[in-house]
Amino acid sequence: VRIVVDYDLCQGHQVCMSEAPEVFSVPADGQVQLLQESPHDGLRSKVELAVKYCPTHALKIVED
Ligand code: SF4
């Protein structure tokens, strides 16, 4: 799987970082940075929570 960010939507709420800090990093007044674009399956459930709870729906999981 791969994570895709819509940077037009991301408003830096940092929800993704709290759900999956291994994958998402969000600077104090910036937008999300992907620490890994294709996280291994062990992180899948955390990534799914990040996608689900992102308030602006800026994250998407793409099956490769
Ligand atoms: S939770 Fe969504 S809006 Fe907030 S930083 Fe992460 S991707 Fe951006």
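Counting convention: from 1, in listed order, for ligands and their atoms alike.
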For atom 2 (Fe) of ligand 1, the closest protein heavy atom turns out to be Cys54 SG, 2.2 Å
Applying a heavy-atom cut-off of 4.0 Å, say which part of Val26 lies close to ligand 1: side chain, backbone, both or neither. side chain
Metal site atom 6 (Fe) of ligand 1: N/O/S of Cys10 inside 2.8 Å: no
Give the atom numbers and elements of ligand 1 that come within less than 4.0 Å of a heavy atom of Thr56. 3 (S)
Do the side chain of Ser18 and the main chain of Gln14 share a donor and acceptor less than 3.5 angstrom apart? yes
Are Tyr53 and Leu9 connected in the hydrophobic side-chain network, where two residues link if heavy atoms are under 4.5 Å apart? no
Do Tyr7 and Val47 sit in one hydrophobic cluster, given that two such residues count as connected whenever their side-chain heavy atoms are within less than 4.5 Å of each other, even indirectly? yes
of all protein heavy atoms, closest to atom 6 (Fe) of ligand 1 is Cys16 SG, 2.2 Å
Per-atom filter on ligand 1: closer than 4.0 angstrom to a heavy atom of Leu59 are 7 (S)
Quick check: is Val15 connected to Val32 through a chain of hydrophobic side chains (ILVMFWY, heavy atoms under 4.5 Å apart)? no
Which segment of Gln14 sits under 4.0 Å of ligand 1 when only heavy atoms are counted: backbone
For atom 4 (Fe) of ligand 1, find the nearest protein heavy atom and state the residue, atom name and distance (0.1 Å precision). His13 N, 2.9 Å
Are Lys52 and Glu48 close enough for a salt bridge, meaning some N to O gap below 4.0 Å? no
Look at Arg44 together with Glu63 and state whether they make a salt bridge at an N to O cut-off of under 4.0 Å. yes
